[in-house]
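First up is the structure itself, then whatever we jot down about it.
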Amino acid sequence: MASVLEIQNLQVSYFSREVRSRPVLSGVSFDLMPGEILGVLGESGSGKSTLAASVLRLLPPNGQVGGGAVLFEGKNLLQVSSEELRQIRGNRIALIFQEPSLALHPTIRVGEQVRRVLAAHQSSGKNDLDHRTREVFNRLFAQEADRILRSYPHQLSGGQRQRVLIAQAIACNPALVIADEPTAALDPVTQMEILRVFRDLREHLGLAMIFITHNPALLAGIADRILILYAGQVVEWGPAETALRSPKHPYTKALFESIPAGTGETEKSRKTSLPVIPGNSSPSSLPRKGCSFEPRCPVRMDVCREFEPPLVKLGQSHIVSCFKYKE
Amino acid sequence: MEPILKVENLTKRYAKRNSARTPQEFLALDSVSFAVSAGATLAIVGESGSGKSTLASCIACLEPPTAGNFWFEGRNLAQSAESELRKIRPQIQLIFPDSASALSPRWSILDIAVEPLVLQGKLGRKERNARTFFLLERVGLAADMAERPAAELSGGQRQRLAIARALTLDPKILILDEALSALDCSVQAQIANVLLELQASRGMTFLFITHDLTMAAHLADEIAVMSRGRIVEQGPSTKIVRNPDHDATRQLLAAVPRLPRSPWPAAQP
């Protein structure tokens, strides 16, 4: 089966006054199948939002793609003309941001805001647009669709606003939706509701999706495969079930161990200190060569300081970037 | 043990906006009662809009309650005059959810952390700085960073700074309003450890306000569950997460995202 999206060896750097260029993504490669949900897991500064932005060439002015390819439906998005790109953005690939209150216009009814997305990409008549807008709202809000359609963003709850953003994203029947922390601003009950919406959409529309988050537990109920980023590099990539249950990379292991046991908490484990990863991943504390996790790694070896670890294939589709493993 | 904080029938009503003709009120807190003993942690959990943050600002004496009383070390703060509250406020410190907007980005780290002491005007400059450096070190912010502007800090470092700032006045109660929620898991663990250490060494009392039941179960001795302005269930934290009695608690628990390693299977959305 042909993939929807294939990213090959993507390199992105940011420029600033002090440092001439700082790599934010280096050598990121992965592919995405139709109808697949890929969870991208990374902490702040890992490059996960940069990844989303570079797929659609939406990097800030000081960001620059240094190499690689973003292949979508047979085209390299890094090379297509801006006119062609405009036809793809919002139409074939849609982006959902984390802050629903900032992403919507405060004084335009939300129905109109979804309609404008459609109008920008489809040259159909007024009735057609109205009909399609209604259809999208029906899908996301069921019986409430009429009322929500005529509401302004401030009249809606956080979860409803997030659904409006999803409506905008799916209005044009895209092949791919990229959601960057789409539930970060929501409480757990609403968060669960939005995750359910994503699963429904995948089931009924066959959407492929990149779901970006810093919370590993969120991916448990939604992702098919998981890509873990550390300091701009892929450290692990594999089936969600395996990668979440028995992660292989020392970083992923340490990250998961730092999460409290939740309902598994006992009187004994309660209020005890949690295992932490020493140090931090700020750009200034990353090593110049070798594995970028080496200074914080509990199982580091001499070789890690000198060379970049290779991508090791463990089983069918589980990939780890670490010297600890051999094929 | 005598509770350090006792809250009885605390009620807060807000006037609803856009209702000039028929004045309407919104009941944010509806007869909330609880008690916390010194050195313990009470977690307050609930959906957004359940009244958690209103409760925080009432107890921190930032907003007067509409009705009800609460006692801090035996003194009824709901009935106290503003002049008295000024003396109490340093002892009950509040940490806000969004440290990026709570701290001025242009101020240096030291200036931010030392400001509460400057405003209190009790210590000399040298003593103030010495105490502040000690606390910055304690929360894991190196002394050589003290002169740097807050804008250069990462989210986790800013939250540590917010904690150090709240600690400079040596409060007896620290209210953490979603203080960890926006942070990465690994940073949450680091800060949770700092909090546990502080509690062990200084006997500080925490009100841990959150919608993260996982962290609540780890840090708190007791959990109170809020829904629509009321406390619907309260009890020892392990009991609440294992055998909840109220539907609101069950609903919150069902929505907690879990890694598959947990003893319970991951919740299906």
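Within the 4.5 angstrom heavy-atom criterion, only backbone atoms of L186(A) (N, CA, C, O) approach chain B. With a 4.5 Å cut-off on non-hydrogen atoms, E43(A) touches chain B through its backbone and its side chain both. Contacts of Q199(B) with chain A are made by side-chain atoms alone, with heavy-atom separations under 4.5 Å and no backbone atom involved. For S157(A), no part lies near chain B; criterion is any non-hydrogen pair under 4.5 Å. For a residue to count as touching a neighbouring chain, one of its non-hydrogen atoms must lie under 4.5 Å from one of that chain's; by this rule A200(B) does not touch chain A.
Atoms CD and OG1, from E47(B) and T190(A) in turn, are 6.0 Å apart once rounded to the nearest 0.5 Å. Going from atom CG of L259(B) over to atom CD1 of I259(A) covers 4.5 Å, rounded to the nearest 0.5 Å. Here Q188(B) contributes atom CD and H214(A) contributes atom NE2; the two are 6.5 Å apart, rounded to the nearest 0.5 Å.
Counting only distance, with no hydrogens or angles, the side chain of R242(B) and the backbone of E265(A) share a donor-acceptor pair below 3.5 Å. Of the possible donor and acceptor atoms, none in the side chain of N193(B) sits under 3.5 Å from a partner among the backbone N and O of S273(A). Panel note: side chain H218(B), backbone T272(A); a donor-acceptor pair is recorded below 3.5 Å.
Your options are L213(B), T238(B), T41(B), V187(B), and the one with the most heavy-atom pairs under 4.5 Å with chain A is T238(B). Between chain B and the residues A184(A), S44(A), A217(A), G158(A), the largest count of heavy-atom pairs under 4.5 Å involves A217(A). Counting heavy-atom pairs closer than 4.5 Å to chain A, the top residue among D221(B), L195(B), L219(B) is D221(B). Of all the listed residues (L183(B), I240(B), D184(B)), the one sharing the greatest number of non-hydrogen pairs under 4.5 Å with chain A is D184(B).
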Under 3.5 Å, which donor-acceptor pairs link side chains of residues 202-210 of chain B to any protein atom two or more places apart or in another chain?
residue: R202(B); atom: NH1; partner: D170(B); partner atom: OD1; Å: 3.0
residue: T205(B); atom: OG1; partner: G39(B); partner atom: N; Å: 3.0
residue: T210(B); atom: OG1; partner: D212(B); partner atom: N; Å: 2.9

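Across S186(B) and S258(A), no two heavy atoms sit closer than the pair CA-OG, 3.7 Å.
Shown are L218(A), L219(A), I222(A); of these, the side chain to side chain contact (heavy atoms under 4.5 Å, CB included) with P257(B) is made only by L218(A).
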